[in-house]
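Encoded as structure tokens, the structure appears first; notes follow it.
Per chain, numbering begins at 1; letters A, B, ... match sequence-line order. The figures that follow rest on heavy atoms only: side chains count, while hydrogens, waters and symmetry mates do not.
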Protein chains: 2
Amino acid sequence: MRKVVSSGQPTIKEIAKKLNISVSTVSRALHDHHSIGLRTKARVKQLAAEMNYERNQTAVYFQQGRTFTIGILLPELSEAFFSSAISGIEDTAYSNDYTVLLGQSHDDEAREKQIIQSMKQHRVDGCIVSIGKNTRNYDHFEMLRQAKIPVVFFDRIPDLPNIHTVSCNLESGTIQAVDFLLKKGHRVIGMINGPEQLVASKERATGYIKALRKHRLKYDPELIVNADLTAAGTSQAMEYLLSLKRKVTAIVTFNDYVAMDAVQYALKQKLEINKDITFVSYANTPVSGYTAFPPAASVEQFPYEQGKAATNMLLSLLSGEHALNEYNNMLMESQLVIHDR
Amino acid sequence: MRKVVSSGQPTIKEIAKKLNISVSTVSRALHDHHSIGLRTKARVKQLAAEMNYERNQTAVYFQQGRTFTIGILLPELSEAFFSSAISGIEDTAYSNDYTVLLGQSHDDEAREKQIIQSMKQHRVDGCIVSIGKNTRNYDHFEMLRQAKIPVVFFDRIPDLPNIHTVSCNLESGTIQAVDFLLKKGHRVIGMINGPEQLVASKERATGYIKALRKHRLKYDPELIVNADLTAAGTSQAMEYLLSLKRKVTAIVTFNDYVAMDAVQYALKQKLEINKDITFVSYANTPVSGYTAFPPAASVEQFPYEQGKAATNMLLSLLSGEHALNEYNNMLMESQLVIHDR
DNA sequence: ATCGTTTACGCAAACGCTTGCGCGGTTAAC
DNA sequence: GTTAACCGCGCAAGCGTTTGCGTAAACGAT
């Protein structure tokens, strides 16, 4: 037969041979099985330690049909939001003796499908997924469902029925943000929103409107502008907002990057930040605190906690204590963090 | 025998049975083995496709003794530098059909050891590691060596003989940075350096000194100050530097965060950035470009490329085309990126 | 002395896949 | 027409581990 490289690692077989007992006894001894005598257990364990034995997990995985591995698929590993999320995921996975398999889609649907495929082949026990922004077809997730591999979607969740999700309620955060500005006396509040099709944009818009309604103020559609999140787009949006007859004194921006671009534009127009114009944003990056003119407040989305929550949800799914037709949808509250009163 | 959950996934056994041929033929057919007839190949492949067959990788891994998985251990997944590096690692691993197993040490030596242990049990083919800053004992890596699992250290590399490394030469970058400032006419250049024990601090300092020497300028030790990288520490350092008799007109800061803190301090002192005082830094974050006063230039360390290089090195190690006593140490050049002339 | 019970261990199958080798049968070479 | 080469496929071992079941020996109870 083929000579396998064998890697030199000792196996329970060798232990068994040296001790003149059967492999099953060794296996059970190492697992502290009750039907193994204390003496035998001790002898096995000692020899195992001496030989530097280490259980071959690949064999176990194969035999058990489980890998104690969870796959995590994200658009961009290097985006601050996601890397915090990964951190949360890895931490909770680690403390539950799971390991984490990683993949990034770069917002490319084809690559997303391939990664899911690869994870399926790796026989991950479950997946945590944030879909790419261009993904329109969800067949790959349907395959996971058929393979009975549970999936928890988080943050960027697809528009599908019967799925598990963890996401952040941006509406409430937006309401808090607008509330904050209203309390500071602002009456004409602009919003640089993101692309219309994004759920996140919709949530921001409805939050904005609801906040105004709460204060019995009329909502002026002119004050919300959809931008493309690029620096150029933000400049245009700023130009537009500042050109309105009603003098805009505060602006809610889609995220911190947009906020920073907007600040740049405002500075060029010789506006004084937090005086002539006040910004409120959404926290995508911990670095915004370091900028010269951070937003007066920002809506925190707790990526680390989201990752943690998603992982816990997946783990409880894996523990099998859920009915198959039971779907968890967790909505975390976002929270306004005030930097400058 | 125990009824395994079987997961419903079809196996080559079933394919063989349906086609009335042997499993070995099916296996070979799926691998396009030359000794299988074209007709048979076609029939097997078609049925496999119909049945939605998918090869059980855990079985293959187990059988082959390889996992096509590389473990990556980093201090903090959410740090911008590392998350870029991960991105590079994942990208090149992906395009070489490897997958990535993730772990973060949080700079905790015990956890680092456990993760390495876990990766070893997972039978990863190799590891890419950036060690924690508190790690003093390297036994866990010695175990990997004994298990013949190759390791490539990157960025934060331990002081060990006979290891593979990828790191960035900060000295040359620093020389470029100081050159840049000298060419702009600055003659009194301060440096806010990091803690003395860090290799990175030493490299910066020697780069600074060498650059001055190159220009036949005398080196004034007063101008280099070691800080602790906190905002408070940076303020103190700034206060010190600005209090010197010789008027400091430019400062090299340890990283972008320090630079931003330093800028804040300078602004409070009513100094005009890039006029009264110019900053040069090291690029740890892509966000610094968004700040109101980015450094005039920054030393780029190319984390993505470092990740890529480390992965390629590991892959070539895995391909087995290297002598065992041959150790690769790659030193990437850092490069000054000029933002403001 | 008989019986049930517990204790302590071994046997062997099974997980899904790969692969060295063997073996009939066809084809080409001399 | 004999030999050699080759094609196409099956047999079966083996990767390391877990685990249902069988079974001796020991023991207490009746």
Between atom CZ in F62(A) and atom C1' in dA13(C), what is the gap in whole Å?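 One finds 12 Å between C1' of dA13(C) and CZ of F62(A), rounded.
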Are E14(A) and Y53(A) close enough that a side-chain donor and a side-chain acceptor fall under 3.5 Å?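 On atom types as modelled, these side chains do not qualify, holding no pair under 3.5 Å.
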Side chains of Y94(B) and Q114(A): any donor to acceptor distance under 3.5 Å?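 Result is yes, a qualifying pair exists.
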May I ask you to verify if any side-chain N or O of [X] is less than 4.0 angstrom from the OP1 or OP2 atom of [N]?
X	N	value
S27(A)	dT17(D)	no
R55(B)	dT18(C)	yes
S22(B)	dG10(D)	yes
T40(B)	dC9(D)	yes
K13(B)	dC15(C)	yes
R123(A)	dG16(C)	no
H31(A)	dT18(D)	yes

So what does Y61(A) touch, heavy atoms closer than 4.0 Å: a base, only the sugar-phosphate, or nothing?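 Since no nucleic acid heavy atom lies under 4.0 Å of Y61(A), the category is nothing.
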Selection from dG10(D), dT17(D), dC11(C) that lies nearest to any side-chain heavy atom of Q63(A):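 Within the option list, the nearest is dT17(D).
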Parallel, tilted or perpendicular: which describes the rings of F154(A) and F81(A), with under 30° parallel and over 60° perpendicular?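 Judged by the thresholds at 30° and 60°, the geometry between F154(A) and F81(A) is parallel.
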